[in-house]
Amino acid sequence: MQTEKKKVLLSIRDVKQYFPIKKQSFREEQKYVKANDGISLDIYEGETLGLVGESGCGKSTFGRTILQLYPQTHGEILFEKDGQMVNLKEQPAGKLREFRKEMQLIFQDPYSSLNPRMTAGQIIGEGLTAHGLYKRGDTELRDYVMDVMKKCGLDTYMFGRYPHQFSGGQRQRIGIARSLALKPRFVVCDEAVSALDVSIQSQILNLLSDLKEQEHLTYLFITHDLSVVKYISDRIGVMYLGNLVELSTTEELFERTLHPYTKALLSAIPTTDLDDKKRERILLEGDIPSPVNPPSGCKFHTRCYQCQEKCKKEVPVMRDMGNNHMVACHYPLEK
């Protein structure tokens with residue numbers, strides 16, 4: 001995929017997301033959790049960008065920051081609208097509401113993200129009535145919701161059922177239908193299959209792929225499962241402790257891994273090939289540092305198996321190593 005020739009839908013520049021920690025006394029210095037610490041990338045129209053990393057690295061926070069559910073502490077998030085790049089942070093609340101229809105979120109947990117007192121039809125149609133596209137109780141609304149349900153693999157007789165009457169996979173389909181009912185251009189899939197059984201995961205992934213082609217969608221697919229992200233993504237970004245450390249096309253990343261952290265993640269993918277002697281299991285020692293007081297220099301140097309003195313002092317910058325393969329490492333790996 002030649003991403004450089006594609007249209008940029010979202011341009012993210014030096015985005016930082018710091019959350020203040022409650023002080024125990026007025027004399028104590030204010031501290032912050034640095035969930036995202038200077039992330040820059042472009043998301044192209046029609047692609048699926050996978051975002052992977054360990055739990056707590058800031059993936060979900062980054063997705064919600066793009067959607068302005070968390071207004072960023074610093075940086076710019078530009079969204080393409082009618083041929084112009086619009087800074088979302090500068091939009092007033094009323095204007096920002098217009099972008100909600102074009103930027104949607106699929107939640108991680110299909111059990112807690114659905115209102116137990118609302119039927120499937122009401123849940124899917126709620127956004128449509130909130131944005132004034134249909135009137136509540138309108139026959140056209142019912143027909144449109146049923147059409148969306150069919151596209152998402154739900155039978156129309158399920159329209160009046162409540163969430164507790166559905167399986168986990170069916171609940172996630174309701175969540176997908178709710179997000180896609182507004183016909184968005186960009187969807188953040190926040191670990192959309194992690195709470196499901198493996199057999200159901202494949203069904204949901206195939207559904208997302210089909211809907212992407214049919215509705216011309218763009219995905220930010222957040223997950224910690226590298227097998228899943230390899231299957232569905234066009235490009236993959238790897239995050240560590242609030243920073244993007246590697247970004248490349250899926251094929252390039254798996255064939256030519258450059259960052260030691262990415263190498264360690266890939267070595268942990270389970271395999272059924274008993275004769276696979278080429279792949280060496282890399283065990284990362286120590287715990288993940290605190291996002292409140294991250295290490296100086298490269299944040300990964302405390303666990304890196306090829307750390308040198310320069311890594312402890314200087315912060316590595318993202319650089320292109322060829323084929324639009326970006327990596328933030330002083331000593332990138334070579335095959």
Side-chain angles (χ1 to χ4, degrees), residues 48 60 63-64 67-69 93-94 96-223 225 228 232:
T48 298
S60 295
R64 291 169 184 246
L67 299 178
Q68 294 296 289
L69 297 178
L96 186 61
R97 186 180 178 84
E98 297 179 10
F99 290 89
R100 298 293 186 200
K101 292 185 288 186
E102 302 195 39
M103 306 172 71
Q104 287 292 307
L105 172 66
I106 298 175
F107 293 92
Q108 176 179 358
D109 188 356
Y111 296 92
S112 62
S113 61
L114 303 181
N115 190 333
R117 297 185 179 183
M118 297 176 68
T119 64
Q122 291 172 334
I123 291 171
I124 297 170
E126 184 179 19
L128 297 166
T129 56
H131 284 279
L133 300 177
Y134 293 92
K135 293 183 179 179
R136 196 179 301 276
D138 195 342
T139 304
E140 292 182 1
L141 172 62
R142 182 184 179 89
D143 293 340
Y144 178 74
V145 169
M146 285 187 173
D147 183 55
V148 174
M149 290 176 68
K150 288 179 183 177
K151 289 182 179 179
C152 294
L154 294 166
D155 292 320
T156 54
Y157 71 82
M158 299 176 176
F159 184 91
R161 289 189 174 185
Y162 290 87
H164 73 273
Q165 296 175 292
F166 293 94
S167 66
Q170 289 173 329
R171 292 188 193 192
Q172 193 61 289
R173 289 174 186 268
I174 295 173
I176 294 171
R178 174 177 58 186
S179 298
L180 300 189
L182 290 166
K183 295 184 178 180
R185 298 169 61 198
F186 176 68
V187 181
V188 175
C189 305
D190 186 9
E191 305 213 28
V193 297
S194 63
L196 305 175
D197 294 335
V198 175
S199 59
I200 306 300
Q201 283 185 12
S202 61
Q203 296 177 20
I204 299 299
L205 290 174
N206 290 332
L207 172 64
L208 290 171
S209 297
D210 293 340
L211 291 171
K212 174 189 172 185
E213 298 299 325
Q214 296 169 12
E215 306 295 331
H216 308 291
L217 299 171
T218 303
Y219 290 144
L220 175 64
F221 194 88
I222 299 169
T223 182
D225 192 330
V228 168
I232 198 171

Legend entry - Interatomic spacing from CE in Met158 to CE in Met149 - rounded to 0.5 Å: 7.0 Å
Legend entry - Spacing of OG belonging to Ser60 relative to CD1 belonging to Ile222, to within rounding of 0.5 Å: 5.0 Å
Inset, instruction - Could you tell me whether the side chain of Leu114 reaches within less than 4.5 Å of the side chain of Tyr162, counting heavy atoms only? - result: no
Legend entry - Closest contact, heavy atoms only, Gly168 versus Tyr111: CA-OH, 3.4 Å
Legend entry - Nearest heavy atoms of Asp225 and Thr223, plus distance in Å: N-OG1, 3.0 Å
Legend entry - Chi angles and distances behind the side-chain contact (heavy atoms from CB on, under 4.5 Å) call for Leu67, Phe186: CA-CA 10 Å; Leu67 299 178; Phe186 176 68; 4.2 Å; yes
Legend entry - Side chain Asp147, main chain Asp143, donor-acceptor under 3.5 Å: no
Legend entry - Gln104 side chain vs Leu180 backbone, donor-acceptor pair below 3.5 Å: no
Legend entry - Spacing of Ile232 atom CD1 and Thr48 atom OG1 [to the nearest 0.5 Å]: 5.5 Å
Legend entry - Side-chain donor/acceptor of Thr129 to backbone N/O of Tyr134, under 3.5 Å: no
Inset, instruction - For the pair Tyr144 (side chain) and Gly125 (backbone), establish whether a donor and an acceptor sit closer than 3.5 Å, ignoring hydrogens and angles. - result: no
Legend entry - Taking every non-hydrogen atom, the tightest pair across Arg64 and Phe107: NH2-CD2, 3.9 Å
Inset, instruction - Report yes if the side chains of Pro163 and Ile123 come closer than 4.5 Å at any heavy-atom pair, otherwise no. - result: yes
Inset, instruction - Give a yes or no on whether the backbone of Lys101 and the side-chain of Arg185 come within a donor-acceptor separation of less than 3.5 Å. - result: no
Inset, instruction - Answer whether the closest heavy-atom distance between the side chains of Cys152 and Leu211 falls below 4.5 Å. - result: yes
Inset, instruction - Quick one: pull up CD in Glu191 and CD1 in Ile106 and give me the separation to the nearest 0.5 Å. - result: 13.0 Å
Inset, instruction - Side-chain contact test, heavy atoms from C-beta onward, threshold under 4.5 Å: evaluate it for Val187 versus Leu208 and give yes or no. - result: no
Inset, instruction - Check Gly169 against Ile200 and note the closest heavy-atom contact, atom names and distance. - result: CA-CG2, 3.5 Å
Legend entry - Taking every non-hydrogen atom, the tightest pair across Leu141 and Arg136: CD2-CA, 4.3 Å
Legend entry - Close side-chain approach of Leu133 and Leu182, heavy atoms under 4.5 Å: yes
Inset, instruction - List for me each residue that meets salt bridge (charged side-chain N to carboxylate O under 4.0 Å, His left out) alongside Glu215, sequence neighbours excluded, and say none if there are none. - result: Lys151
Inset, instruction - State, yes or no, whether a side-chain contact exists between Ile174 and Leu154 at a heavy-atom distance under 4.5 Å. - result: yes
Inset, instruction - State, yes or no, whether a side-chain contact exists between Pro110 and Leu196 at a heavy-atom distance under 4.5 Å. - result: yes
Inset, instruction - Measure the CD-CE distance between Glu98 and Met103 for me, rounded to the nearest 0.5 Å. - result: 13.5 Å
Inset, instruction - Output yes when a side-chain donor or acceptor of Asp138 lies under 3.5 Å from a complementary backbone atom of Glu140, and no otherwise. - result: yes
Inset, instruction - Report the distance from atom CZ of Arg171 to atom CD of Gln165, rounding to the nearest 0.5 Å. - result: 10.0 Å
